**Student:** 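Before we start, here is the structure in question, set down as structure tokens.
As a basis for the values below, the full set of heavy atoms in this structure was taken, side chains included, without hydrogen atoms, waters or symmetry mates. Everything quoted here is computed from the prediction, not taken from an experiment.
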Amino acid sequence: MMTYDQIYDVIVVGAGHAGCEAALAASRMGCRTMLLTINLDAIALMSCNPSIGGLAKGHLVKEIDALGGEMAKNIDATGIQFRILNTKKGPAVRASRAQADKQLYRLRMKRVLEQQKNLDLKQGEVTALYLEGGELRGVELQSGIRFLSKTVVVTTGTFMRGLIHIGLNHYPGGRAGDQPSVGLSDQLRVLGFHVGRLKTGTPARLDARSIDFSKLETQYGDDPPLPFSLSTDRITMPQLPCHIAYTNQRSHDIIRSGLDRSPLYSGIIEGIGPRYCPSIEDKVVRFPDKDRHQTFIEPEGLDTIEVYPSGMSTSLPVDIQIAFYRSIVGLEQVEIMRPAYAIEYDYVDPIQLHTSLETKGIKNLYHAGQINGTSGYEEAAGQGLIAGINAALRVKGCDPLVLERSQAYIGVMIDDLVALGTKEPYRMFTSRAEYRLLLREDNADLRLREIGYNLGLVTESEYAIFTEKRRMISEELDRIAATRLVHSEIQLEVLASRGLEDIQKGTTLEHLLKRSDVSYSDLAELDTVSRETPAVIREQIEIQTKYKGYIDRQLEQVEQAKKLEATNIPLELDYASVKSLTTEVREKLSKNRPDTLGQASRIPGVTPAAISILSIAIKSSSWKDK
């Protein structure tokens with residue numbers, strides 16, 4: 001085995017969405033970093049839907065951007081349809097989504113990585129971690145090269161022992177067209193990690209020339225399209241529509257006729273699939289009374305005829321796939337360019353991680369993305385960013401970055417994973433965040449930009465724009481709290497036109513804006529200064545004013561929870577010695593090994609009484625001062 005002569009600070013294994021963010025974060029923080037991947041031409045490849053964002057996922061992308069990550073900038077530069085979802089609902093659940101040009105997305109990300117200082121890109125399959133005396137020293141490749149490093153971030157996606165299924169046929173693959181990673185998960189199992197098996201899938205890719213789009217419903221994006229990144233002034237890419245189609249009873253009958261050859265229902269697939277993104281055969285079986293299922297026919301790019309039927313993933317045999325897709329109105333003559341397939345892969349139970357994403361079993365080893373049991377590009381990228389940051393902080397001898405549940409969706413996701421583990425692919429939802437009114441897309445920069453700047457991931461110019469925005473928001477909140485109506489002739493006319501004749505003279509603009517029937521645009525009619533306020537500031541003033549009572553209530557809840565979140569549990573604590581705990585609680589705590597009392601409190605079955613007992617045990621323990 002040849003040992004390479006360069007010793008790296010950080011090695012990142014895998015160049016999917018987690019690996020890209022990890023490698024960029026570590027190198028931008030000044031660490032000598034190497035990104036290793038099986039195929040350099042598949043960097044940031046969108047194996048499933050070529051889109052970024054969506055409900056709760058858009059929040060993650062905005063947070064990645066606020067911290068200085070790349071995903072938002074990449075989709076802004078390559079997106080071909082942008083939409084804001086849930087516009088009729090409250091600001092906490094509004095979300096951004098964009099369809100990407102699949103090839104441009106990966107090519108731009110590859111270019112960003114190639115041009116990044118302190119970052120080397122190399123192609124090769126990592127088959128093992130290299131350890132000396134139980135300490136991590138680097139990685140070993142199938143080609144016989146050993147690379148040395150102070151830290152390693154593993155972001156293997158669906159590649160560890162990947163197995164592709166199409167009907168009763170199956171073959172090894174990390175995704176269609178790429179070989180799997182063999183050996184690494186076996187070693188992790190030998191090292192004491194609990195390795196499980198999950199499953200995901202993707203729809204077929206269809207030839208747009210064989211689809212009659214006149215029979216489908218057209219869906220256009222927003223005009224103008226709104227960017228994801230704080231650094232993007234406007235979207236310059238050409239924009240394309242999507243189209244809506246529906247399955248029917250004939251479609252469902254065809255699907256049922258092939259279930260005996262479905263690997264999902266014949267017992268061939270062992271891995272657990274995503275509950276919230278089931279295959280079409282799973283939908284038909286689980287919801288027999290539903291007479292149709294919706295699909296969005298989405299373009300894969302500006303210069304390709306391939307389209308993606310979202311929500312139509314399947315592992316059925318190809319003959320059933322052809323008949324099923326052709327049963328949909330508008331797709332009667334459709335040609336499949338790439339068949340749909342399911343893929344099984346190994347993952348490592350994330351309860352074996354600290355909230356820094358460092359493994360509890362091996363120091364300086366970090367896991368991020370689908371290896372932790374998550375599903376989705378955005379979830380992977382958020383973990384990759386944090387893992388890369390913390391690997392760099394470890395090299396620098398600094399404390400890790402741990403985002404709290406009240407601070408970011410990224411914090412919610414990581415806490416869910418390390419505190420509870422997962423037995424199925426984890427997907428982010430707004431309902432997972434108990435403080436979601438605080439964790440809106442619109443205030444991601446107010447929550448996280450300062451952190452990104454202090455880490456060195458946000459440039460001086462980006463930070464200057466942010467600080468000016470923050471100053472303007474603060475000053476405008478103070479101004480509307482102090483500015484009162486004088487009932488001038490113009491003000492009285494505006495109030496009358498809005499049906500607000502009951503508003504008393506001397507009412508502050510803040511009090512007026514709290515009303516559900518008054519918007520900031522109404523203030524602009526009443527007040528000359530308000531007319532000059534930029535749109536981005538108007539949005540913040542309106543949200544923070546209208547929801548102030550609810551926001552303050554959640555902030556109080558955060559303060560009440562801080563004591564638990566800030567109380568660390570010593571790693572050496574022997575739960576069996578805490579006799580006042582029930583056997584069930586001791587077993588759960590011993591298995592999960594939570595980092596804090598807050599994490600312990602979220603483990604199912606760990607009662608408030610158990611938390612009180614544990615708190616007393618920690619305070620009275622000799623471990624406290626170590």
**Student:** If we ignore hydrogens and angles and just use 3.5 Å, is the side chain of T596 paired with the main-chain N or O of T567 as donor and acceptor?
**Tutor:** no

**Student:** F193 and H367: aromatic ring centres closer than 6.0 Å?
**Tutor:** yes

**Student:** May I have the step-by-step check of side chain to side chain contact (heavy atoms under 4.5 Å, CB included) for Y345 and M160, ending in yes or no?
**Tutor:** CA-CA 6 Å; Y345 57 95; M160 288 203 305; 5.7 Å; no

**Student:** Can you check whether L188 reaches H194 side chain to side chain, under 4.5 Å on heavy atoms?
**Tutor:** no

**Student:** Should D442 and K62 be marked as a salt bridge (Lys or Arg N to Asp or Glu O under 4.0 Å) after you check the CA-CA gap, both sets of side-chain angles, and the distance that decides it?
**Tutor:** CA-CA 8 Å; D442 62 83; K62 297 275 188 174; over 6 Å; no

**Student:** Decide side chain to side chain contact (heavy atoms under 4.5 Å, CB included) for L67 and L385; before the verdict, give the C-alpha distance in whole Å, the side-chain angles of both, and the deciding distance to 0.1 Å.
**Tutor:** CA-CA 9 Å; L67 287 166; L385 179 63; 3.8 Å; yes

**Student:** Take R447 and R440, measure what side chain to side chain contact (heavy atoms under 4.5 Å, CB included) needs, and give me the verdict at the end.
**Tutor:** CA-CA 10 Å; R447 293 183 276 120; R440 309 182 306 274; 5.6 Å; no

**Student:** Please work out whether the ring planes of Y550 and Y547 are parallel, tilted or perpendicular, with thresholds of 30° and 60°.
**Tutor:** tilted

**Student:** Please check if the number of heavy atoms outside K563 that lie under 6.0 Å from its NZ is greater than 12.
**Tutor:** no

**Student:** Does the cation-pi check pass for R449 over F466, that is, NZ or CZ under 6.0 Å from the six-membered ring centre and within 45° of its axis?
**Tutor:** no

**Student:** Is a donor from one side chain sitting under 3.5 angstrom from an acceptor on the other, for T33 and N118?
**Tutor:** no

**Student:** Side chains of Q540 and N443: donor-acceptor distance under 3.5 Å anywhere?
**Tutor:** no

**Student:** Just do the side chain to side chain contact (heavy atoms under 4.5 Å, CB included) check on V402 and D415 with the steps written out, would you?
**Tutor:** CA-CA 9 Å; V402 175; D415 184 73; over 6 Å; no

**Student:** Please report the C-alpha distance between E476 and R479 in whole Å, then the side-chain angles of each, then the deciding distance to 0.1 Å, and finally whether the salt bridge (Lys or Arg N to Asp or Glu O under 4.0 Å) criterion is met.
**Tutor:** CA-CA 5 Å; E476 180 63 2; R479 190 189 71 82; 2.8 Å; yes

**Student:** Sub-3.5 Å donor-acceptor pair from the side chain of D65 to the main-chain atoms of L230, do we have one?
**Tutor:** yes

**Student:** How about Y426 and D416: does a side-chain donor come under 3.5 Å of a side-chain acceptor?
**Tutor:** yes

**Student:** Is there a donor-acceptor contact under 3.5 Å linking the side chains of E510 and T545?
**Tutor:** no

**Student:** Against L184, only a single residue in D346, V139, V154, T127 fulfils side chain to side chain contact (heavy atoms under 4.5 Å, CB included); can you say which?
**Tutor:** V154

**Student:** Step by step, would you call Y377 with E379 a side chain to side chain donor-acceptor pair (under 3.5 Å)?
**Tutor:** CA-CA 6 Å; Y377 310 143; E379 289 89 343; over 6 Å; no

**Student:** My understanding is that only one of H17, M413, M71 makes a side chain to side chain contact (heavy atoms under 4.5 Å, CB included) with E378; could you say which?
**Tutor:** M71

**Student:** Applying side chain to side chain contact (heavy atoms under 4.5 Å, CB included) between F147 and each of T3, V152, L141, report the one that passes.
**Tutor:** L141

**Student:** Strictly distance-based, threshold 3.5 Å: is any side-chain N or O of K150 a donor or acceptor partner for the main-chain N or O of V10?
**Tutor:** no

**Student:** Closest approach of Q554 and E434, non-hydrogen atoms and distance?
**Tutor:** NE2-O, 3.4 Å

**Student:** Would you call K117 and S27 a side-chain contact if the rule is heavy atoms closer than 4.5 Å?
**Tutor:** no

**Student:** Would you please classify the geometry between the Y463 ring and the Y453 ring as parallel, tilted or perpendicular, with 30° and 60° separating the classes?
**Tutor:** parallel

**Student:** Within the distance-only criterion (no hydrogens, no angle test), does the side chain of E358 pair as donor or acceptor with the backbone N or O of N364 below 3.5 angstrom?
**Tutor:** yes

**Student:** Would you say that more than 12 heavy atoms from the other residues, nucleotides or ligands in this model lie under 6.0 Å from the NE2 of H511, or not?
**Tutor:** no

**Student:** Going by distance alone, is a donor N or O of one side chain under 3.5 Å from an acceptor N or O of the other, for S51 and R97?
**Tutor:** yes

**Student:** Counting only heavy atoms not in I7 (residues, nucleotides, ligands), do more than 12 fall under 6.0 Å from its CD1?
**Tutor:** no

**Student:** Return yes if a side-chain donor-acceptor contact under 3.5 Å exists between R28 and Q116, otherwise no.
**Tutor:** yes

**Student:** Taking atom types as modelled and ignoring hydrogens, do the side chains of E441 and Y409 form a donor-acceptor contact shorter than 3.5 angstrom?
**Tutor:** no

**Student:** Kindly indicate, with the supporting measurements, whether the criterion salt bridge (Lys or Arg N to Asp or Glu O under 4.0 Å) is fulfilled by E424 and K199.
**Tutor:** CA-CA 8 Å; E424 62 184 15; K199 165 254 173 187; over 6 Å; no

**Student:** Apply salt bridge (Lys or Arg N to Asp or Glu O under 4.0 Å) to the pair K469 and E539, showing each step before the final yes or no.
**Tutor:** CA-CA 12 Å; K469 173 185 174 181; E539 178 187 43; over 6 Å; no

**Student:** Do the side-chain N and O atoms of T156 and Q370 include a donor-acceptor pair separated by under 3.5 angstrom?
**Tutor:** no

